[in-house]
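Okay, structure first, notes after.
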Amino acid sequence: MESRKNNSPRKILVTAALPYANGPIHIGHLVEYIQTDIWVRFQKLRGHQCIFIWADDTHGTAIMKSARDHQCSEEEFIARMSTEHQRDFRGFQIEWDHYGSTHSDANRLICHEIWSALNRAGLVVKRQVVELFDAETGEALPDRFVKGKCPKCLSPGQYGDNCDKCGHTYRATDLVEPISALSGKPPVEGATDHFFVRIEELHDFLEDWTAPGVHLQEEVSNYLRGHFLSEPLRDWDVSRPAPYFGFTIPETDNQHYWYVWFDAPIGYIASTKEWCDLNNQKLDDWWRNDDVEIHHFLGKDIQYFHCLFWPAMLKTAGFNLPTREHIHGFLTVNGEKMSKTKGTFIKAETYLRYLDPAYLRYFYAAKLGSRLDDIDLNFNDFKAKVDTDLVNKVVNLASRSAKFVEAIGLSPTYPDDGGLFAQAAAAGERIAEHYEECEFSQAMRLIMELADRANPFVENAQPWVLHKDPSKVQELQEVCTIALNLFRQIAIYLAPVLPEFAERVGALFNDPIVSWKQSQSPLVGRSLSKFTHLLKRVELKDIEAMIEASKQTEATPTPAHLIDDATQSTTVEWQDSDEALQAEPLAAECSIDDFARVDLRVARIIEAEHVPEAKKLLKLKLSLGGDNVRTVFAGIKAAYEPAQLVGRLVVMVANLKPREMKFGTSEGMVCAAGSGGSEVYLLAADSGAVPGQRVH
RNA sequence: GGGGCGGUAGCUCAGUUGGUUAGAGCAGGGGACUCAUAAUCCCUUGGUCGCGGGUUCGAGUCCUGCCCGCCCUACCA
C-alpha cells in the first residue's frame, strides 16, 4: 500500500457483497454493510476520492422460484426486493454512490466481454453433466433444491450435498427418495452440456496472487492455498441449462445461461459503469487504471468465488485486480446462530422500528477487527456498550458543559488545557490507521480513551462551581470551551461510525463536520446552537419488543415445499394439546348449504399500511384479480408488519356485508387462526392458487 | 469426513519478534461530587493465561498430544 505513505488523495473503489434479491436484509447482513459504510465514510472524511459501488444480485433458480411463489415475473420480483433493500440500507445510514442490479444491460455487456476474453484465452470447455431436473418445470435442480434421505444414515430431510446428521457428503443423485423443492415431485435425472472454465491454467498466477498479507488476510491465504491451490484446480462450471433466470450465453441458441455466480461479481464492474455514465466518467479510469485501489468487502462464506474465480476472470479480461479483499466472519446473537424461533433472526426493518441504527453501528464498530472472527451480538453487552461509551462518556461531555455557555459562546482564543486537545489531535493518526486497517474495535478503544481523559478534566475544573460566581465568567467559558472542543474532536473521530450524530454535533457548533482535519484545530469565538439531546440510552423494553416481533414474524405459514426438516421427519411425534379446542368449543352443526353461503376466496394483499390512530387494525387492499380490489381493516396489527404482508396470498370472506368502521368501510374479512392480539396466524394458500379462486 | 479460527479476571477482549510482580473496559466493593440523559470522578477486590508433555536460563507467547467451543465446506473435500 505505497499510496498510503504520501498525502495525495487516493482513488478508491469499494464494493460490498451484492445482497441476493431473494429475501429481506437482516442484522447479520448488516455487519458487512455497516463495516463497508464506515470504511467508505472514513476515506471520504480523509479527503480521498472514494466511491461505494453496490447492486442487487438477482439471478438463479431461487429467484425464479420466489417470483413464482409471489406470482409475478422475475423482473417485478427483483425490482421490489431492490426497493426494499435500499430502503433498509438507508435506514441504517448506509450511503453508497451507486446501486445497480446484476440484471442490467451494463452487466450483460460486461459478461459478454469477459466471456469472449475467456474464450480467446482458450479457457472455456464444454462437457456433459448428469444432474437432476424437476419433473414438472424442467428446471435443473441445484443441490439445495433437492431433499431426501441421506444415502448413508437414511436421515430424512437432507439436502442434495451432504447430511447434517452424519456429515456424509454425496451427490444429489445419491439421495434416497429424493423430492424436488420446486414441485414436490421426485426429480428426474438427465444429461446436458455445461460450460466450464479451466482456471487451473491460472494456477501459478493465483498461487502468487493469494500470498498472505498482500491482497488477502493471512487466514484466507492459508485456507485457499492449503485447500484449493495445493492440488490442480477443478474446472469451474459456469453454465446452467434453460430454463433459468439470468443471461443466455452467446451462440448457444438460448439453451444455456451463465450461472448466477458468474455474473454476480461482474455486477461490481457493471454497476461502476452505470455510475460512470451518470457522472461523466470513464469505466477504464476505474477498472483499468493502476492508480485505483479496489477494495471488496465480503463474508467468509464466499471467499473462494472472490479470491479464486474472480481474480482469474479479471486477470484474463485485463481488468484491475482487487487491491484488498476484506473478509469478515459471521454474526451470532447471544452466542448462537440467529434463530427464527428465538426471535434473534432480526430483520433490518424490524430493528429500525424499535432501536436507533446508531446503536448497532457503534456496537459493530466496537466489535469489528480485521480478521475473520465471528462477532457476537449479546444484548446485555449491546446496551452496556452503547450506554456507557456513547451516552455516559461522550455525550455527557457536551450535556454537562454546553448550557453554561449557551449565551456567551466559545472563548475567543483556545485556553490552556494542559495539552489535552493536542494529545487527542495527535492520537488522530493512530485512530486513522486503525480505521484504515479495518481495526474498528481498536479505533473505538482509542476514541473512548479520549473521553476518559476529558471527563476528569471537567471534574477538576468544576464548571458548576464557577457558574455560581459571576466574577468567574471568563474562566467558566474557558473550561466549557475546552470540554466542548474535546467533545467535538471525538465526534469527528466517530463520524464514520455515527454520521447522523456527527451531523447534529456539527449543527450544535454551527460548523458541519466534513473533514478529518477538523479534529486538529479547536473552534473558538463562536456562538453555539441550543443544545438538544443527542442520543438516548438503550431501552431494554425496546430490545425485548424487537425480539418478540421477530418471533411473531416467523409464525407465518411456509409454502408446503419449503417445510423444514422437522416436519418431514418421520421420527417426529405430534403432540398437539387440545387446549385450543377447549378454549373455543366446536360450534353447532351446520349443513353444506349453510357453509356455501359463506364465499371464501383466495386474495392477494397488494397493499398494507398502518392506520395511525388504530390500536389493532391494519388497512389492507386485497385483490381478487383484475380490477377487483377490496379494502379490508384487519385486526392483525400486533402480529404482522405491513411490509411482510404485501404480495401474500390469503383467504378472505368475500361476500361479507361491508361494515362502516371508524377509519373507513371494511369490505370483507381476512381468515386467520389464533386467540387474538399477537396470536394471529393468517391462513395462506399453497402456491399454485390464484386470486379469485373460491375455497370449497 | 475435510478444513479454518479460537479457549487469558464474572462478562467483552488486549497482550508486540518468548524476558522482570499478566493488562483494559464493563460488572462487583468502598468513597467523593451533584454541572449532566442516576451521569461523572477517585480508590479497590477478581486470573495455576483450556489440560498434559516438550524446547529454553526464561513460555500466555514456540513445538506436540488431548479436551472443549464457534464457523466454513464451489456440481464438493
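Naming convention: chains lettered A, B, ... in sequence-line order (proteins, then strands); numbering from 1 in each chain. No hydrogens, no waters, no symmetry mates; every other heavy atom, side chains included, goes into these values.
- With sequence neighbours excluded, no residue forms a salt bridge (Lys or Arg N to Asp or Glu O under 4.0 Å) with A:D356.
- Partners of A:T332 under the side chain to side chain donor-acceptor pair (under 3.5 Å) rule, at least two apart in sequence or in another chain, are A:D376.
- Taking the salt bridge (Lys or Arg N to Asp or Glu O under 4.0 Å) definition, one finds that A:E131 meets it with nothing, sequence neighbours left out.
- Every residue meeting the salt bridge (Lys or Arg N to Asp or Glu O under 4.0 Å) condition with A:D387, not counting sequence neighbours, appears here in chain and number order: A:K383.
- Partners of A:E449 according to the side chain to side chain donor-acceptor pair (under 3.5 Å) rule, which considers only residues two or more places apart in sequence or in another chain, do not exist here.
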Expected rows: protein N/O vs nucleotides 45-47 of chain B N/O, under 3.5 Å:
none

Distances under 3.5 Å only, N/O to N/O: pair up the protein atoms with those of nucleotides 10-16 of chain B.
from	atom 1	to	atom 2	distance (Å)
B:U12	O3'	A:K367	NZ	3.0
B:U12	O2'	A:K367	NZ	3.0
B:C13	O2'	A:R445	NH2	2.9

What is the per-nucleotide protein-contact pattern of nucleotides 26-34 of chain B, from the 5' end, where B denotes a base atom under 4.0 Å from a protein heavy atom, S denotes such proximity for sugar-phosphate atoms only, and - denotes neither?
S------SS
Dot-bracket for RNA chain B, 5' to 3', Watson-Crick and G-U pairs with both distances under 3.5 Å, [ ] for crossing pairs, | for partner on another strand, reads (((((((..((((.....[...)))).(((((.......))))).....(((((..]....))))))))))))....
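- Listed in residue order, the members of residues 395-405 of chain A having a heavy atom less than 4.0 Å from RNA chain B are A:V395, A:N396, A:S399, A:R400, A:K403, A:F404.
- In this structure, A:N460 has no side chain to side chain donor-acceptor pair (under 3.5 Å) partners at least two apart in sequence or on a different chain.
- Residues passing the side chain to side chain donor-acceptor pair (under 3.5 Å) test with A:N396, sequence neighbours excluded: none.
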